[in-house]
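This report concerns only the one structure given below.
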Amino acid sequence: MVCKTNCATITGISVLPVVVETDIANGLPSFDMVGLLSSDVKESRERVRTALKNSGFMIPTGRITINIAPGHIRKSGTYFDIAIAISLLQSMGVINQDLTEMMFIGELSLDGEVVSVNGVLPIVMDAASRGIKKCFVPRDNAKECINFTGIEVIAIKSLSELVMMLTSGKYEKLTVANRMTSETTKYKYDFKEIKGQTQARRGAEIAAAGQHNLIMIGPPGTGKSAIAKATQSILPDMDEKERMEISKIQSIAGNLKDGPVRTRPFRSPHNTATVAAMTGGGINPKPGEITLAHGGVLYMDEFPEFRRAVMETLRQPLEDGIIKVSRVGGDYEFPARFILLAAMNPCRCGYYPDRNRCNCTERDVQKYTEKVSGPIMDRMDLCVHMNPVKYTELEMEEGVEDSETIRERVNKAVKIQRERYVNENILFNSQLEGEMLNKYCHLDSKEKALMENIYETFKLSVRSYQKILKVARTIADLACDKNIKERHLAEALSFKVNDGKSS
(Lines give C-alpha, C1' and ligand atoms only; values in the text may rest on other atoms or scores of the structure.)
Protein backbone atom coordinates (compact mmCIF):
# COMPACT_ATOMS: atom_id res chain seq x y z
CA MET A 1 0.00 0.00 0.00
CA VAL A 2 1.25 3.46 -0.89
CA CYS A 3 1.14 5.91 2.03
CA LYS A 4 1.23 9.66 1.50
CA THR A 5 2.11 12.66 3.66
CA ASN A 6 2.04 16.37 2.91
CA CYS A 7 5.15 18.52 2.97
CA ALA A 8 6.51 21.60 1.19
CA THR A 9 9.72 23.33 0.20
CA ILE A 10 10.82 26.84 -0.71
CA THR A 11 11.77 27.87 -4.24
CA GLY A 12 12.99 31.46 -4.24
CA ILE A 13 10.40 33.00 -1.94
CA SER A 14 7.53 30.82 -3.19
CA VAL A 15 6.18 27.68 -1.54
CA LEU A 16 6.13 24.43 -3.50
CA PRO A 17 3.64 21.89 -2.06
CA VAL A 18 5.11 18.41 -1.98
CA VAL A 19 3.65 14.94 -1.43
CA VAL A 20 5.85 12.19 0.01
CA GLU A 21 4.78 8.73 -1.22
CA THR A 22 6.14 5.55 0.36
CA ASP A 23 5.83 1.96 -0.77
CA ILE A 24 7.29 -1.11 0.97
CA ALA A 25 7.44 -4.30 -1.14
CA ASN A 26 9.03 -7.71 -0.97
CA GLY A 27 12.45 -8.07 -2.52
CA LEU A 28 16.11 -7.47 -1.83
CA PRO A 29 16.64 -4.84 0.89
CA SER A 30 16.91 -1.35 -0.62
CA PHE A 31 15.98 2.21 0.23
CA ASP A 32 15.46 4.30 -2.91
CA MET A 33 14.39 7.94 -3.14
CA VAL A 34 13.19 9.47 -6.41
CA GLY A 35 11.67 12.76 -7.55
CA LEU A 36 14.45 14.94 -9.02
CA LEU A 37 16.20 15.49 -5.69
CA SER A 38 19.28 17.48 -4.77
CA SER A 39 22.05 15.91 -2.70
CA ASP A 40 20.81 17.36 0.61
CA VAL A 41 17.39 15.74 0.03
CA LYS A 42 18.98 12.38 -0.84
CA GLU A 43 20.89 12.51 2.45
CA SER A 44 17.52 12.37 4.22
CA ARG A 45 17.60 8.61 3.64
CA GLU A 46 20.41 8.05 6.15
CA ARG A 47 19.08 10.62 8.64
CA VAL A 48 15.60 9.10 8.63
CA ARG A 49 16.84 5.51 8.81
CA THR A 50 19.08 6.23 11.81
CA ALA A 51 16.52 8.50 13.55
CA LEU A 52 13.88 5.76 13.31
CA LYS A 53 16.27 3.19 14.76
CA ASN A 54 17.29 5.43 17.65
CA SER A 55 13.64 6.27 18.33
CA GLY A 56 12.79 2.58 18.79
CA PHE A 57 11.37 1.74 15.35
CA MET A 58 12.86 -0.98 13.17
CA ILE A 59 12.67 -0.54 9.42
CA PRO A 60 11.53 -3.80 7.76
CA THR A 61 13.83 -5.60 5.37
CA GLY A 62 12.40 -5.16 1.91
CA ARG A 63 12.33 -2.86 -1.04
CA ILE A 64 11.47 0.65 0.14
CA THR A 65 10.67 3.26 -2.49
CA ILE A 66 10.01 6.89 -1.63
CA ASN A 67 8.80 9.37 -4.23
CA ILE A 68 8.79 13.11 -3.53
CA ALA A 69 6.28 14.58 -5.97
CA PRO A 70 5.98 16.49 -8.24
CA GLY A 71 8.81 14.73 -10.00
CA HIS A 72 9.48 17.33 -12.71
CA ILE A 73 10.58 20.08 -10.28
CA ARG A 74 13.94 19.89 -8.54
CA LYS A 75 13.66 19.82 -4.73
CA SER A 76 16.28 20.95 -2.25
CA GLY A 77 16.51 21.52 1.50
CA THR A 78 15.98 19.41 4.61
CA TYR A 79 12.23 20.01 4.97
CA PHE A 80 11.19 16.43 4.17
CA ASP A 81 12.74 14.29 6.96
CA ILE A 82 9.68 14.18 9.22
CA ALA A 83 7.26 13.66 6.33
CA ILE A 84 9.39 10.74 5.08
CA ALA A 85 9.60 9.19 8.55
CA ILE A 86 5.83 9.45 9.17
CA SER A 87 5.05 8.07 5.73
CA LEU A 88 7.34 5.11 6.46
CA LEU A 89 5.74 4.49 9.85
CA GLN A 90 2.29 4.56 8.27
CA SER A 91 3.43 2.01 5.68
CA MET A 92 4.74 -0.16 8.52
CA GLY A 93 1.36 0.01 10.32
CA VAL A 94 2.66 1.95 13.33
CA ILE A 95 0.41 4.92 12.48
CA ASN A 96 -3.16 4.30 11.32
CA GLN A 97 -4.55 7.83 11.37
CA ASP A 98 -5.76 9.73 8.30
CA LEU A 99 -2.99 12.19 7.44
CA THR A 100 -4.54 13.85 4.39
CA GLU A 101 -5.28 17.13 6.23
CA MET A 102 -1.92 17.25 8.05
CA MET A 103 1.45 18.63 7.02
CA PHE A 104 4.87 17.74 8.42
CA ILE A 105 7.87 20.07 8.23
CA GLY A 106 11.30 19.59 9.78
CA GLU A 107 14.72 17.98 9.74
CA LEU A 108 15.69 15.01 11.89
CA SER A 109 18.92 14.55 13.79
CA LEU A 110 20.34 11.06 14.16
CA ASP A 111 18.90 10.66 17.67
CA GLY A 112 15.37 11.51 16.51
CA GLU A 113 15.31 15.14 17.65
CA VAL A 114 13.55 17.60 15.33
CA VAL A 115 15.83 20.32 13.94
CA SER A 116 14.63 23.76 12.82
CA VAL A 117 14.49 24.78 9.16
CA ASN A 118 14.11 28.11 7.37
CA GLY A 119 10.86 29.29 5.78
CA VAL A 120 8.31 27.73 8.14
CA LEU A 121 5.99 30.77 8.22
CA PRO A 122 5.32 30.98 4.46
CA ILE A 123 4.86 27.19 4.37
CA VAL A 124 2.27 27.34 7.17
CA MET A 125 0.47 30.23 5.45
CA ASP A 126 0.37 28.30 2.16
CA ALA A 127 -0.86 25.16 3.93
CA ALA A 128 -3.73 27.12 5.50
CA SER A 129 -4.73 28.49 2.09
CA ARG A 130 -4.91 24.92 0.72
CA GLY A 131 -7.19 23.63 3.48
CA ILE A 132 -4.62 21.81 5.62
CA LYS A 133 -5.97 21.61 9.19
CA LYS A 134 -2.83 20.78 11.19
CA CYS A 135 0.82 21.60 10.56
CA PHE A 136 3.59 20.00 12.63
CA VAL A 137 6.71 22.15 12.83
CA PRO A 138 9.99 22.08 14.80
CA ARG A 139 9.66 23.59 18.25
CA ASP A 140 12.42 26.10 17.51
CA ASN A 141 10.34 27.44 14.59
CA ALA A 142 7.07 27.69 16.50
CA LYS A 143 7.44 31.37 17.43
CA GLU A 144 7.38 32.30 13.76
CA CYS A 145 3.71 31.32 13.59
CA ILE A 146 2.62 32.64 16.99
CA ASN A 147 0.38 35.35 15.50
CA PHE A 148 -0.93 33.38 12.53
CA THR A 149 -4.45 31.96 12.68
CA GLY A 150 -6.43 29.72 10.34
CA ILE A 151 -4.51 26.49 10.98
CA GLU A 152 -3.43 24.47 14.00
CA VAL A 153 0.33 24.83 14.36
CA ILE A 154 1.75 22.07 16.54
CA ALA A 155 5.33 22.32 17.79
CA ILE A 156 7.26 19.05 18.11
CA LYS A 157 10.56 18.29 19.77
CA SER A 158 11.24 14.72 18.66
CA LEU A 159 10.02 11.99 16.34
CA SER A 160 8.84 9.81 19.24
CA GLU A 161 6.79 12.74 20.62
CA LEU A 162 5.16 13.22 17.20
CA VAL A 163 4.28 9.53 16.92
CA MET A 164 2.74 9.62 20.39
CA MET A 165 0.61 12.62 19.39
CA LEU A 166 -0.59 10.94 16.19
CA THR A 167 -1.43 7.61 17.85
CA SER A 168 -3.17 9.20 20.86
CA GLY A 169 -4.90 11.97 18.96
CA LYS A 170 -3.86 14.53 21.60
CA TYR A 171 -2.20 17.62 20.21
CA GLU A 172 -0.84 20.70 21.90
CA LYS A 173 -1.93 23.59 19.73
CA LEU A 174 0.35 26.61 19.61
CA THR A 175 -1.02 29.39 21.81
CA VAL A 176 -1.66 32.65 20.00
CA ALA A 177 -0.27 35.63 21.89
CA ASN A 178 -0.39 39.05 20.31
CA ARG A 179 3.12 40.18 21.14
CA MET A 180 2.99 42.99 18.59
CA THR A 181 0.63 45.22 20.52
CA SER A 182 1.84 44.36 24.00
CA GLU A 183 5.50 45.22 23.54
CA THR A 184 6.98 48.66 23.02
CA THR A 185 9.67 48.67 20.37
CA LYS A 186 12.98 50.11 21.50
CA TYR A 187 15.47 51.39 18.96
CA LYS A 188 19.20 51.58 19.49
CA TYR A 189 19.56 54.89 17.63
CA ASP A 190 17.39 57.98 18.15
CA PHE A 191 17.33 61.37 16.43
CA LYS A 192 17.53 63.15 19.78
CA GLU A 193 21.20 62.12 19.86
CA ILE A 194 21.93 63.81 16.53
CA LYS A 195 22.87 67.48 16.83
CA GLY A 196 22.83 69.92 13.95
CA GLN A 197 22.38 68.67 10.35
CA THR A 198 18.89 70.14 10.05
CA GLN A 199 18.70 69.51 6.30
CA ALA A 200 19.76 65.88 6.62
CA ARG A 201 17.28 65.26 9.44
CA ARG A 202 14.52 66.75 7.31
CA GLY A 203 15.60 64.63 4.35
CA ALA A 204 15.40 61.46 6.45
CA GLU A 205 11.89 62.43 7.59
CA ILE A 206 10.69 62.99 4.03
CA ALA A 207 12.32 59.73 2.92
CA ALA A 208 10.55 57.79 5.68
CA ALA A 209 7.16 59.40 5.03
CA GLY A 210 7.07 58.81 1.27
CA GLN A 211 9.53 55.89 0.91
CA HIS A 212 11.97 58.06 -1.06
CA ASN A 213 15.65 57.34 -1.70
CA LEU A 214 18.22 59.59 -0.02
CA ILE A 215 21.93 60.15 -0.61
CA MET A 216 24.10 62.05 1.88
CA ILE A 217 27.39 63.59 0.76
CA GLY A 218 29.89 64.97 3.24
CA PRO A 219 33.28 64.55 4.92
CA PRO A 220 33.88 61.85 7.56
CA GLY A 221 32.37 62.43 10.98
CA THR A 222 29.49 64.67 9.93
CA GLY A 223 26.81 62.17 11.01
CA LYS A 224 25.87 60.38 7.78
CA SER A 225 25.87 56.92 9.37
CA ALA A 226 24.17 58.18 12.53
CA ILE A 227 21.27 59.61 10.54
CA ALA A 228 20.99 56.48 8.42
CA LYS A 229 20.87 54.19 11.46
CA ALA A 230 18.38 56.44 13.25
CA THR A 231 16.08 56.44 10.21
CA GLN A 232 14.82 52.99 11.19
CA SER A 233 13.31 54.55 14.31
CA ILE A 234 11.10 56.94 12.31
CA LEU A 235 9.83 54.52 9.67
CA PRO A 236 6.02 54.26 9.58
CA ASP A 237 4.18 51.55 11.48
CA MET A 238 3.43 48.39 9.50
CA ASP A 239 -0.08 47.16 8.84
CA GLU A 240 -0.77 43.44 9.18
CA LYS A 241 -0.34 42.74 5.46
CA GLU A 242 3.08 44.40 5.38
CA ARG A 243 4.15 42.67 8.59
CA MET A 244 3.33 39.22 7.22
CA GLU A 245 4.98 39.94 3.86
CA ILE A 246 8.20 41.07 5.53
CA SER A 247 8.02 38.20 8.04
CA LYS A 248 7.79 35.64 5.21
CA ILE A 249 11.00 36.93 3.64
CA GLN A 250 12.83 37.03 6.97
CA SER A 251 11.61 33.49 7.75
CA ILE A 252 13.07 32.16 4.50
CA ALA A 253 16.37 33.85 5.39
CA GLY A 254 16.35 32.31 8.88
CA ASN A 255 16.01 35.67 10.66
CA LEU A 256 12.70 35.02 12.41
CA LYS A 257 13.54 33.00 15.51
CA ASP A 258 11.74 35.33 17.96
CA GLY A 259 8.41 35.64 16.19
CA PRO A 260 7.05 37.84 13.38
CA VAL A 261 8.91 41.09 12.79
CA ARG A 262 8.10 44.07 14.99
CA THR A 263 10.33 46.59 13.20
CA ARG A 264 11.03 47.27 9.56
CA PRO A 265 14.31 45.75 8.35
CA PHE A 266 17.56 47.70 8.19
CA ARG A 267 20.27 46.13 6.03
CA SER A 268 23.78 47.52 5.76
CA PRO A 269 25.94 45.38 3.44
CA HIS A 270 29.69 45.97 3.36
CA ASN A 271 31.11 47.64 0.26
CA THR A 272 32.85 44.37 -0.69
CA ALA A 273 29.47 42.65 -1.19
CA THR A 274 29.13 40.74 -4.48
CA VAL A 275 26.31 40.91 -7.00
CA ALA A 276 25.07 37.49 -5.83
CA ALA A 277 25.05 38.64 -2.20
CA MET A 278 22.95 41.65 -3.16
CA THR A 279 20.50 40.01 -5.57
CA GLY A 280 20.38 36.45 -4.19
CA GLY A 281 22.45 33.48 -5.21
CA GLY A 282 22.72 29.73 -5.39
CA ILE A 283 21.26 27.05 -7.65
CA ASN A 284 17.98 27.62 -5.86
CA PRO A 285 18.36 31.39 -5.22
CA LYS A 286 17.87 32.66 -1.71
CA PRO A 287 16.96 36.30 -0.98
CA GLY A 288 19.88 38.71 -1.16
CA GLU A 289 20.40 41.99 0.67
CA ILE A 290 18.10 43.84 -1.74
CA THR A 291 15.18 41.54 -0.91
CA LEU A 292 15.99 41.32 2.81
CA ALA A 293 15.62 45.11 2.91
CA HIS A 294 12.09 44.89 1.43
CA GLY A 295 9.74 47.11 3.41
CA GLY A 296 12.62 48.81 5.21
CA VAL A 297 16.00 50.43 4.59
CA LEU A 298 19.01 49.41 2.52
CA TYR A 299 21.94 51.48 3.74
CA MET A 300 25.02 51.58 1.52
CA ASP A 301 27.87 53.40 3.25
CA GLU A 302 30.90 54.48 1.22
CA PHE A 303 28.66 54.23 -1.83
CA PRO A 304 31.34 54.80 -4.52
CA GLU A 305 33.44 51.97 -3.06
CA PHE A 306 30.85 49.37 -4.06
CA ARG A 307 31.60 47.57 -7.30
CA ARG A 308 30.07 49.20 -10.36
CA ALA A 309 28.14 46.00 -11.18
CA VAL A 310 26.65 45.95 -7.68
CA MET A 311 25.43 49.54 -7.96
CA GLU A 312 23.93 48.90 -11.39
CA THR A 313 21.87 45.99 -10.01
CA LEU A 314 19.92 48.62 -8.07
CA ARG A 315 18.39 50.06 -11.24
CA GLN A 316 15.53 47.57 -11.60
CA PRO A 317 14.48 47.37 -7.93
CA LEU A 318 14.63 51.16 -7.51
CA GLU A 319 12.38 51.57 -10.53
CA ASP A 320 10.04 48.56 -10.30
CA GLY A 321 10.24 47.36 -6.68
CA ILE A 322 11.23 43.85 -7.77
CA ILE A 323 14.39 42.01 -8.78
CA LYS A 324 14.47 39.17 -11.29
CA VAL A 325 17.08 36.45 -11.02
CA SER A 326 17.61 33.93 -13.83
CA ARG A 327 19.06 30.49 -13.17
CA VAL A 328 19.22 27.22 -15.09
CA GLY A 329 16.28 25.93 -13.06
CA GLY A 330 14.07 28.89 -13.93
CA ASP A 331 13.42 32.57 -13.39
CA TYR A 332 12.80 33.92 -9.90
CA GLU A 333 11.17 37.21 -8.94
CA PHE A 334 11.89 38.70 -5.52
CA PRO A 335 10.14 41.71 -3.96
CA ALA A 336 12.53 44.61 -3.46
CA ARG A 337 10.72 47.79 -2.47
CA PHE A 338 12.89 49.62 0.03
CA ILE A 339 14.32 53.01 0.93
CA LEU A 340 17.87 53.31 -0.37
CA LEU A 341 20.02 55.38 1.96
CA ALA A 342 23.46 56.00 0.51
CA ALA A 343 26.39 57.89 2.01
CA MET A 344 29.56 59.04 0.30
CA ASN A 345 32.50 61.35 0.77
CA PRO A 346 32.94 64.26 -1.66
CA CYS A 347 36.35 62.88 -2.72
CA ARG A 348 38.67 59.97 -2.01
CA CYS A 349 40.30 61.59 1.03
CA GLY A 350 36.90 62.85 2.14
CA TYR A 351 37.58 66.56 2.84
CA TYR A 352 36.90 68.39 -0.44
CA PRO A 353 36.42 71.39 -0.77
CA ASP A 354 38.43 72.12 2.42
CA ARG A 355 41.82 72.82 0.79
CA ASN A 356 43.50 72.89 4.20
CA ARG A 357 42.90 69.15 4.47
CA CYS A 358 42.21 67.98 0.89
CA ASN A 359 44.98 67.60 -1.68
CA CYS A 360 42.80 66.01 -4.37
CA THR A 361 42.88 67.62 -7.80
CA GLU A 362 39.68 68.61 -9.57
CA ARG A 363 40.16 65.61 -11.83
CA ASP A 364 40.54 63.32 -8.77
CA VAL A 365 37.29 64.66 -7.32
CA GLN A 366 35.46 64.21 -10.60
CA LYS A 367 36.82 60.71 -11.06
CA TYR A 368 35.69 59.73 -7.57
CA THR A 369 32.15 61.08 -7.91
CA GLU A 370 31.78 59.51 -11.36
CA LYS A 371 31.96 56.09 -9.73
CA VAL A 372 28.27 56.63 -9.04
CA SER A 373 26.68 56.63 -12.48
CA GLY A 374 24.25 59.25 -13.67
CA PRO A 375 21.32 56.80 -13.96
CA ILE A 376 21.79 55.69 -10.35
CA MET A 377 22.08 59.25 -9.06
CA ASP A 378 19.00 60.18 -11.10
CA ARG A 379 17.05 57.56 -9.15
CA MET A 380 17.84 59.27 -5.85
CA ASP A 381 14.86 61.39 -4.81
CA LEU A 382 16.75 63.39 -2.21
CA CYS A 383 20.33 64.61 -1.98
CA VAL A 384 21.86 66.32 1.06
CA HIS A 385 25.31 67.90 1.30
CA MET A 386 26.48 67.75 4.92
CA ASN A 387 29.07 70.03 6.52
CA PRO A 388 30.91 69.52 9.81
CA VAL A 389 28.79 70.25 12.89
CA LYS A 390 29.61 73.49 14.70
CA TYR A 391 30.46 73.41 18.40
CA THR A 392 27.44 75.56 19.27
CA GLU A 393 25.18 73.00 17.58
CA LEU A 394 26.92 70.16 19.39
CA GLU A 395 26.20 71.72 22.78
CA MET A 396 22.58 72.55 21.93
CA GLU A 397 20.21 70.83 24.37
CA GLU A 398 16.81 72.29 23.48
CA GLY A 399 14.82 72.04 20.29
CA VAL A 400 16.22 68.65 19.21
CA GLU A 401 13.30 66.41 18.29
CA ASP A 402 13.37 62.75 19.24
CA SER A 403 12.43 59.91 16.90
CA GLU A 404 9.01 59.38 18.45
CA THR A 405 7.94 62.95 17.64
CA ILE A 406 9.16 62.64 14.06
CA ARG A 407 7.54 59.22 13.67
CA GLU A 408 4.16 60.69 14.67
CA ARG A 409 4.35 63.12 11.74
CA VAL A 410 5.49 60.32 9.45
CA ASN A 411 2.57 58.10 10.49
CA LYS A 412 0.10 60.92 9.85
CA ALA A 413 1.54 61.46 6.38
CA VAL A 414 1.43 57.72 5.66
CA LYS A 415 -2.20 57.54 6.82
CA ILE A 416 -3.06 60.32 4.36
CA GLN A 417 -1.37 58.37 1.57
CA ARG A 418 -3.12 55.10 2.38
CA GLU A 419 -6.50 56.79 2.40
CA ARG A 420 -5.70 58.56 -0.88
CA TYR A 421 -4.53 55.39 -2.61
CA VAL A 422 -7.13 53.03 -1.14
CA ASN A 423 -8.40 52.20 -4.65
CA GLU A 424 -4.93 52.11 -6.22
CA ASN A 425 -2.34 49.37 -6.20
CA ILE A 426 0.22 51.52 -4.35
CA LEU A 427 0.87 52.64 -0.78
CA PHE A 428 3.38 55.51 -0.95
CA ASN A 429 3.99 58.65 -3.00
CA SER A 430 7.27 57.26 -4.34
CA GLN A 431 5.25 54.62 -6.25
CA LEU A 432 3.26 57.16 -8.27
CA GLU A 433 3.65 56.90 -12.04
CA GLY A 434 1.81 57.57 -15.29
CA GLU A 435 -1.75 58.83 -14.96
CA MET A 436 -1.65 58.56 -11.16
CA LEU A 437 1.14 61.14 -11.07
CA ASN A 438 -1.01 63.64 -12.97
CA LYS A 439 -4.05 62.79 -10.87
CA TYR A 440 -2.53 63.07 -7.40
CA CYS A 441 0.19 65.68 -8.03
CA HIS A 442 -2.03 68.31 -9.62
CA LEU A 443 -0.49 71.78 -9.81
CA ASP A 444 -2.27 75.11 -10.00
CA SER A 445 -1.15 77.82 -12.44
CA LYS A 446 1.48 79.40 -10.14
CA GLU A 447 2.97 76.01 -9.30
CA LYS A 448 3.02 75.02 -12.97
CA ALA A 449 4.88 78.21 -13.86
CA LEU A 450 7.44 77.51 -11.13
CA MET A 451 7.97 73.93 -12.28
CA GLU A 452 8.38 75.06 -15.90
CA ASN A 453 11.04 77.52 -14.81
CA ILE A 454 12.79 74.84 -12.72
CA TYR A 455 12.66 72.30 -15.56
CA GLU A 456 14.15 74.64 -18.12
CA THR A 457 16.72 76.29 -15.83
CA PHE A 458 18.21 73.10 -14.45
CA LYS A 459 17.63 71.00 -17.60
CA LEU A 460 16.02 68.22 -15.61
CA SER A 461 15.42 64.74 -16.93
CA VAL A 462 11.82 63.54 -17.01
CA ARG A 463 12.61 61.21 -14.11
CA SER A 464 14.04 64.06 -12.03
CA TYR A 465 10.99 66.19 -12.78
CA GLN A 466 8.68 63.42 -11.66
CA LYS A 467 10.68 62.80 -8.51
CA ILE A 468 10.46 66.46 -7.52
CA LEU A 469 6.67 66.18 -7.85
CA LYS A 470 6.57 63.04 -5.72
CA VAL A 471 8.77 64.54 -3.03
CA ALA A 472 6.66 67.73 -3.04
CA ARG A 473 3.56 65.55 -2.60
CA THR A 474 5.15 63.97 0.48
CA ILE A 475 6.19 67.37 1.90
CA ALA A 476 2.60 68.54 1.47
CA ASP A 477 1.34 65.43 3.27
CA LEU A 478 3.72 66.05 6.17
CA ALA A 479 2.24 69.53 6.42
CA CYS A 480 -1.30 68.06 6.08
CA ASP A 481 -1.89 70.23 2.99
CA LYS A 482 -4.30 68.88 0.39
CA ASN A 483 -2.63 70.55 -2.60
CA ILE A 484 1.01 70.99 -3.59
CA LYS A 485 2.10 74.60 -3.05
CA GLU A 486 5.09 76.62 -4.25
CA ARG A 487 6.85 76.18 -0.89
CA HIS A 488 6.56 72.42 -1.21
CA LEU A 489 8.08 72.47 -4.69
CA ALA A 490 10.86 74.80 -3.55
CA GLU A 491 11.80 72.50 -0.69
CA ALA A 492 11.68 69.42 -2.93
CA LEU A 493 13.94 71.22 -5.43
CA SER A 494 16.47 72.02 -2.70
CA PHE A 495 16.95 68.29 -2.20
CA LYS A 496 17.27 67.42 -5.88
CA VAL A 497 19.50 69.81 -7.79
CA ASN A 498 22.30 69.53 -5.22
CA ASP A 499 23.39 66.22 -6.68
CA GLY A 500 24.92 67.82 -9.72
CA LYS A 501 23.62 65.08 -12.00
CA SER A 502 20.29 66.56 -12.98
CA SER A 503 21.63 69.78 -14.42
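- Using a distance-only test at 3.5 Å, with no hydrogens or angles considered, a donor-acceptor pair links the side chain of Ser430 to the main chain of Gly210.
- Leu340 is not listed as a side-chain neighbour of Leu214, based on a closest heavy-atom distance of 4.5 Å or more.
- A salt bridge links Arg420 to Asp477: one of the charged nitrogens lies within less than 4.0 Å of a carboxylate oxygen.
- Taking the side chain as every heavy atom from C-beta outward, Phe338 and Ile290 approach each other to under 4.5 Å.
- Using a 4.5 Å heavy-atom threshold, the side chains of Pro265 and Ile246 count as touching.
- Within the 4.5 Å cutoff, the side chain of Glu242 has heavy atoms near those of the Leu427 side chain.
- Using modelled atom types and a 3.5 Å distance limit, the side chains of Glu305 and Asn271 yield no donor-acceptor pair.
- Counting all heavy atoms, side chain and backbone alike, Ile105 lies closest to Cys135 at CG1-SG, 4.4 Å.
- Within the 4.5 Å cutoff, side-chain heavy atoms of Leu52 are placed close to those of Leu159.
- Glu101 and Lys134 are not joined by a salt bridge, as no carboxylate oxygen comes within less than 4.0 angstrom of a charged side-chain nitrogen.
- In this structure, a donor-acceptor pair under 3.5 Å is present between the side chains of Asn411 and Asp237.
- In this structure, His270 NE2 and Met300 CE are separated by 12.0 Å, a value rounded to the nearest 0.5 Å.
- The CG atom of Leu432 lies 8.5 Å from the CD atom of Gln417; values are rounded to the nearest 0.5 Å.
- The pair Glu245-Lys248 does not meet the salt-bridge criterion, since no charged nitrogen lies less than 4.0 angstrom from a carboxylate oxygen.
- For Cys7 against Met103, the heavy-atom pair with the smallest separation is O-CE, 3.5 Å.
- Looking at every heavy atom in both residues, Ser116 comes nearest to Asp140 through CB-CB, 3.8 Å.
- Of all non-hydrogen atoms in Arg74 and Ser38, the two that sit nearest each other are NH2-CA, 3.4 Å.
- Side-chain contact annotation: Tyr421 with Asn429, donor-acceptor N/O pair under 3.5 Å present.
- Closest approach of Val410 and Ala209 over heavy atoms only: CG1-CA, 3.8 Å.
- In this structure, Glu113 does not pair ionically with Lys157, as no charged nitrogen and carboxylate oxygen lie closer than 4.0 Å.
- For Met164, the CE atom counts as loosely surrounded, since its 6.0 Å shell holds 12 or fewer non-hydrogen atoms of other residues, nucleotides or ligands.
- For the side-chain contact (heavy atoms from CB on, under 4.5 Å) test with Phe266, the passing option among Val297, Leu298, Ile339 is Val297; the others fail.
- Between the CG atom of Leu318 and the CD1 atom of Ile323 there is a distance of 9.5 Å, given to the nearest 0.5 Å.
- With no hydrogens or angles considered, a side-chain donor-acceptor pair links Asp301 and Tyr299 at under 3.5 Å.
- Residues Glu404 and Lys192 are not paired through a salt bridge, judged by the lack of any N-O separation under 4.0 Å between the basic side chain and the carboxylate.
- Contact detail for Asp381 and His212: the closest heavy-atom pair is OD2-ND1, 3.3 Å.
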Stepwise side chain to side chain donor-acceptor pair (under 3.5 Å) check, Asn118 with Ser251: CA-CA 6 Å; Asn118 295 343; Ser251 174; over 6 Å; no

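- Inspection of the Thr78 and Glu107 side chains reveals an N or O donor paired with an N or O acceptor under 3.5 Å.
- Side chains of Ser403 and Tyr189: a donor-acceptor N/O pair is absent below 3.5 angstrom, by distance only.
- Counting only N and O atoms by type, the side chains of Asp32 and Thr65 include no donor and acceptor under 3.5 Å apart.
- Looking at Arg418 and Glu424, no side-chain N of the basic residue comes within less than 4.0 Å of a carboxylate O on the acidic one, giving no salt bridge.
- To the nearest 0.5 Å, atom CD1 of residue Ile252 and atom OG of residue Ser247 are 11.0 Å apart.
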Residues Glu161, Arg139; criterion salt bridge (charged side-chain N to carboxylate O under 4.0 Å, His left out); working and verdict: CA-CA 11 Å; Glu161 179 187 48; Arg139 183 164 295 181; 3.1 Å; yes

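- Checking side-chain atoms of Glu144 against main-chain N and O of Leu121 turns up a donor-acceptor pair under 3.5 Å.
- Distance check: Ser158 OG to Leu108 CG gives 9.5 Å after rounding to the nearest 0.5 Å.
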Glu152/Lys133 under salt bridge (charged side-chain N to carboxylate O under 4.0 Å, His left out): CA gap, chis, key distance, verdict: CA-CA 6 Å; Glu152 286 187 48; Lys133 303 300 183 185; over 6 Å; no

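- At a cut-off of 3.5 Å, with distance as the only test, a side-chain donor of Ser326 or Asp331 sits close to an acceptor on the other residue.
- At a threshold of 4.5 Å between non-hydrogen side-chain atoms, the residues Leu99 and Gln90 count as touching.
- With respect to the salt-bridge test (charged N to carboxylate O, under 4.0 angstrom), the residues Glu312 and Arg315 qualify.
- Between Ile59 and Lys53 the shortest side-chain heavy-atom distance does not fall below 4.5 Å.
- To the nearest 0.5 angstrom, Lys75 atom NZ is 7.0 Å from Ile68 atom CD1.
- Phe31 places a side-chain heavy atom less than 4.5 Å from the side chain of Met33.
- The aromatic rings of Phe136 and Phe104 lie parallel to each other, with less than 30° between the two planes, well short of the 60° mark.
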Derivation of the side chain to side chain donor-acceptor pair (under 3.5 Å) call for Asp190 and Ser233: CA-CA 7 Å; Asp190 194 289; Ser233 66; 5.3 Å; no

